[in-house]
Structure formats: C-alpha cells, structure tokens
Amino acid sequence: MKSRRLDRRASFTAQSCAAQRAAETLQPPDRRLLDDPYSRYFIHSPLLRVCLIHPLAARAFIELLKSVFGAAGHFFLVLRARYTDDVLEAAINDGVDQVVLLGAGFDTTSLRRATDSPVKIFEVDAPTTQADKRAVVERLRPHEGNDHIVWVPCDFEHDALRERLLEGGFDPTRPSLIIWLGVTAYLTREALDATLADLAAVCAPGSRLVFDYLDTNLVAGDSTSARARLWTQAAARFGEPYLTGLTAADADALLAAHGFTCEAHLTTFELLQHYAPTYVSRSPADGRAAITTAQRR
C-alpha cells in the first residue's frame with residue numbers, strides 16, 4: 001500500500017468533518033441541524049478556524065461546501081451524527097453499557113456523555129489521529145474525568161481489532177453498540193472484511209452496528225454528478241483516497257456473511273425527511289452515501 005497520511009499525522013478528513021459539525025452548531029437554533037459544541041476544539045487548520053470565528057462565517061463556509069460538493073454531502077455528514085446519537089440513546093435505554101467508536105476520528109461522543117455514566121466508550125483509531133484527539137480531550141477535561149473512555153490504538157489495515165478490543169477490557173459476553181462512521185470508504189476490501197470478522201467474533205448476540213458507506217460509482221470516480229467527482233478528487237488530494245464503495249445490496253451481503261442482519265439503509269434524502277423535512281426540497285435525491293444499522297445474530 002502507498003504511504004498514507006495516517007502513517008505520519010492525524011486525519012485531515014476527521015478535522016474537516018469536525019469543522020462542518022462545528023459550523024452547523026453555530027447556526028441559529030431554529031435552523032440548526034446538529035448541536036455539537038466540542039467539535040470546534042479539534043480544528044487546527046488556520047483556514048478552517050477562520051471559518052468558525054462567527055456564525056455568519058460558518059454559514060458562508062457551509063454554503064461554499066454545498067456549492068462546490070453538493071448540499072447532500074453536508075446534510076449527510078451532520079445528520080448521520082444526529083441519527084447515531086438517537087441509536088446510541090436507544091441502545092443505552094435497552095441496557096447496553098459498552099460502546100465502540102471504530103475509526104473514532106474527532107467524534108465527540110465521549111465528551112458529550114456524562115462522566116458519571118455507566119457506559120464505557122472504546123475509542124478505536126489510528127495512533128496518529130488518536131494521539132491528537134486524546135491530547136485535546138484531556139485538556140478539556142481533568143484526566144480523572146475520563147475514566148469512561150478506553151483508548152484503543154488500532155490500524156484497521158494492519159492490526160487485529162479483536163485482539164486490541166479484548167486487551168482494552170471489552171467484554172464479549174455483553175451486548176454492545178458499534179459505531180463506525182466515515183471509515184469504510186477509506187479501507188481496502190480486505191480490511192473491511194477482516195474488521196467485520198473481528199466484530200463478529202467479539203460481539204454478543206443482540207449487539208448493534210451502525211456504519212455508513214459511499215456508493216461504488218462515487219468511489220470509482222464514475223459518478224454522473226460533477227460535484228460528487230470533486231468530492232472524490234478532494235479526498236485523494238488530502239492523502240486519504242477512497243478505496244472501497246458499496247451498494248445497499250453489497251452491504252447486506254457483507255453483513256450477512258459476518259453474522260449481522262441489516263435493519264435499515266438511510267440515504268441523505270431519508271435522513272432529511274426524518275429530521276428536517278423543510279430542507280428536502282433544497283437537496284435532490286442523492287444516493288452517494290447511506291447509513292446502515294444491523295444486529296448481530
């Protein structure tokens with residue numbers, strides 16, 4: 001495999017996603033699609049920081065992204081986080097007390113959960129990105145306030161996820177929730193299969209998995225949408241190219257092969273219908289990305 005940005009420094013994709021969540025958080029309450037007040041602390045790029053200095057700057061940033069890459073990209077990114085928060089709350093209400101964030105990036109779930117919560121959160125990510133994130137988390141909160149977080153460094157292309165989780169104290173006898181956002185497209189198919197096989201080995205029956213994926217044509221650069229092709233080109237330019245795309249049928253087959261039953265596939269359009277129906281007319285139907293929930297049999 002070619003040299004990757006992740007081998008040298010933290011993911012820029014993770015930072016750009018955090019910037020979009022932060023920009024959305026700065027919008028007026030009546031039009032805000034997501035409230036994620038911690039995301040802004042993970043922005044190191046001077047250019048991205050400028051975009052967050054004022055709500056009007058944040059709005060201009062969002063509109064620029066929509067203009068260049070299409071509205072669906074921004075809507076999907078912020079609403080997948082909103083949807084996952086709802087899945088997390090439902091799982092906790094059902095008694096789940098261990099959550100795994102695969103390729104956690106600068107996801108702020110660990111910061112937004114109460115420190116006295118009985119839920120243990122396993123932060124799994126490449127060592128470079130995780131070191132960057134951990135420094136920020138421990139600066140925002142006293143070290144003793146982070147006992148609910150287990151840091152699990154893991155490179156999905158080279159390390160055995162099953163071993164890393166068990167070493168971190170993950171209990172395979174208890175149902176869990178696995179959250180895997182913004183990762184699958186950046187992995188080889190071999191790493192994707194290996195990760196799901198490891199999850200199948202450690203997840204107790206009844207455990208749930210939430211993950212998203214990009215369409216095969218988008219990853220291949222064959223999309224009929226010029227904006228979608230720009231999205232693909234930008235990812236490669238930042239040193240984090242797309243490697244694996246899936247269709248809904250591909251995802252169903254992949255999950256079934258590893259003992260998971262798919263429950264739902266939600267595209268940007270369907271997320272908007274649920275969370276922000278007034279925005280539906282502003283975003284054409286777009287199947288370039290979807291989020292899926294599944295259950296371990």
Side-chain angles (χ1 to χ4, degrees), residues 1-7 11-14 17 73 76-77 80 84 100-105 107 124-129 152-165 178-203 207-225 228-229 231-267 286-297:
M1 177 181 293
K2 295 180 180 179
S3 174
R4 304 170 302 165
R5 177 190 173 94
L6 286 178
D7 295 329
S11 166
F12 183 79
T13 299
C17 289
F76 182 77
L77 189 144
R80 73 181 182 187
T84 304
V100 179
L101 303 179
L102 287 184
D107 178 290
V124 183
D125 209 351
T128 48
T129 303
V152 182
C154 181
D155 184 328
F156 298 115
E157 295 290 346
H158 303 294
D159 300 326
L161 174 63
R162 176 178 180 275
E163 294 177 5
R164 294 299 172 93
L165 283 174
I178 313 297
I179 298 172
W180 199 12
L181 300 183
V183 180
T184 61
Y186 300 96
L187 298 179
T188 60
R189 182 57 184 256
E190 291 75 20
L192 191 55
D193 272 314
T195 300
L196 283 169
D198 281 348
L199 289 177
V202 298
C203 289
S207 294
R208 299 190 72 191
L209 167 65
V210 182
F211 80 102
D212 62 349
Y213 58 89
L214 297 182
D215 182 77
T216 304
N217 289 335
L218 174 67
V219 170
D222 297 333
S223 173
T224 57
S225 166
R229 292 196 298 273
W231 197 2
T232 303
Q233 293 162 10
R237 193 174 303 120
F238 290 136
E240 299 172 52
Y242 298 144
L243 299 175
T244 301
L246 299 170
T247 63
D250 292 334
D252 286 343
L254 189 61
L255 290 166
H258 294 288
F260 289 90
T261 301
C262 179
E263 298 176 332
H265 293 278
L266 300 175
T267 64
D286 191 308
R288 74 176 81 171
I291 189 165
T292 295
T293 53
Q295 188 170 93
R296 180 74 172 95
R297 295 195 294 269

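What's counted below: heavy atoms across the whole structure, side chains too, no hydrogens, waters or symmetry copies.
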Inset, instruction - Using the test salt bridge (charged side-chain N to carboxylate O under 4.0 Å, His left out), find all partners of Asp198 that sit at least two apart in sequence or belong to another chain. - result: none
Legend entry - Rounded distance [0.5 Å steps], CG in Leu209 versus OG1 in Thr261: 11.5 Å
Inset, instruction - Decide yes or no for Leu196 and Phe211: does some side-chain heavy atom of the first lie under 4.5 Å from some side-chain heavy atom of the second? - result: no
Legend entry - Considering all heavy atoms, the nearest Cys154-Leu161 contact: SG-CA, 4.1 Å
Inset, instruction - Return yes if some donor-acceptor pair links the side-chain N/O of Ser223 with the main-chain N/O of Arg229 below 3.5 Å, else return no. - result: no
Legend entry - With Tyr186 via ring-ring contact (aromatic ring centres under 6.0 Å, His included) - residues at least two apart: Tyr242
Inset, instruction - With sequence neighbours left out, write down each residue that passes side chain to side chain contact (heavy atoms under 4.5 Å, CB included) with Val152, or none if nothing qualifies. - result: Phe122, Val124, Val150, Arg164
Inset, instruction - Answer whether the closest heavy-atom distance between the side chains of Leu218 and Thr232 falls below 4.5 Å. - result: yes
Inset, instruction - Could you give me the CA-CA distance, side-chain angles and deciding distance for His258 and Thr195, then say whether side chain to side chain contact (heavy atoms under 4.5 Å, CB included) is met? - result: CA-CA 10 Å; His258 294 288; Thr195 300; over 6 Å; no
Legend entry - Test side chain to side chain contact (heavy atoms under 4.5 Å, CB included) applied to Thr84 - qualifying residues, sequence neighbours left out: Ile179, Leu181, Val210, Ile291
Legend entry - side chain to side chain contact (heavy atoms under 4.5 Å, CB included) against Ala104, all qualifying residues, sequence neighbours excluded: Leu101, Glu123, Lys133
Legend entry - Leu255 vs Thr292 side-chain heavy atoms within contact, under 4.5 Å: yes
Legend entry - Short side-chain to backbone donor-acceptor contact, Arg296 and Gly259, under 3.5 Å: yes
Inset, instruction - State which residues pass salt bridge (charged side-chain N to carboxylate O under 4.0 Å, His left out) with Asp250; sequence neighbours excluded, sorted by chain then number. - result: none
Inset, instruction - Please identify each residue that fulfils side chain to side chain contact (heavy atoms under 4.5 Å, CB included) with Ala248, with sequence neighbours left out. - result: Tyr213, His265
Inset, instruction - Write down the atom of Leu214, the atom of Ala185, and the distance for their closest heavy-atom approach. - result: CD1-CB, 3.7 Å
Inset, instruction - Name all pairs fulfilling the salt bridge (Lys or Arg N to Asp or Glu O under 4.0 Å) condition that reach into residues 210-222, sequence neighbours left out, sorted by first residue then second. - result: Arg80-Asp212
Legend entry - Side-chain heavy-atom pair Arg208, Thr293 within 4.5 angstrom cut-off: yes
Inset, instruction - Compare all side-chain heavy atoms of Leu254 with those of Leu192 and state whether any distance is below 4.5 angstrom. - result: yes
Legend entry - Minimum heavy-atom distance Arg297-Ala256, with the two atoms named: NH2-O, 3.2 Å
Legend entry - Minimum-distance pair of heavy atoms, taken over all atoms of Asp125 and Gly103: OD1-CA, 3.7 Å
Inset, instruction - Using salt bridge (charged side-chain N to carboxylate O under 4.0 Å, His left out) as the criterion, list what pairs up with Asp107, not counting sequence neighbours. - result: none
Legend entry - Shortest non-hydrogen separation from Leu77 to Cys17 and the atoms involved: CD1-SG, 3.3 Å
Inset, instruction - Go through the structure and list residues passing salt bridge (charged side-chain N to carboxylate O under 4.0 Å, His left out) with Arg162, not counting sequence neighbours. - result: none
Inset, instruction - Specify the closest pair of heavy atoms between Gly105 and Thr129, including all atoms of both residues, with the distance to one decimal. - result: CA-CG2, 4.1 Å
Inset, instruction - Indicate yes or no: at least one non-hydrogen side-chain atom of Arg288 is less than 4.5 angstrom from one of Phe76. - result: no
Legend entry - Residues forming a side-chain hydrogen bond (donor to acceptor under 3.5 Å, both in side chains) with Glu240, sequence neighbours excluded: Ser11, Thr13
Legend entry - Neighbour count above 12 (heavy atom, 6.0 Å) for Glu163 CD: no
Inset, instruction - Would you please name every residue forming a side-chain hydrogen bond (donor to acceptor under 3.5 Å, both in side chains) with Ser207, sequence neighbours left out? - result: Ser176
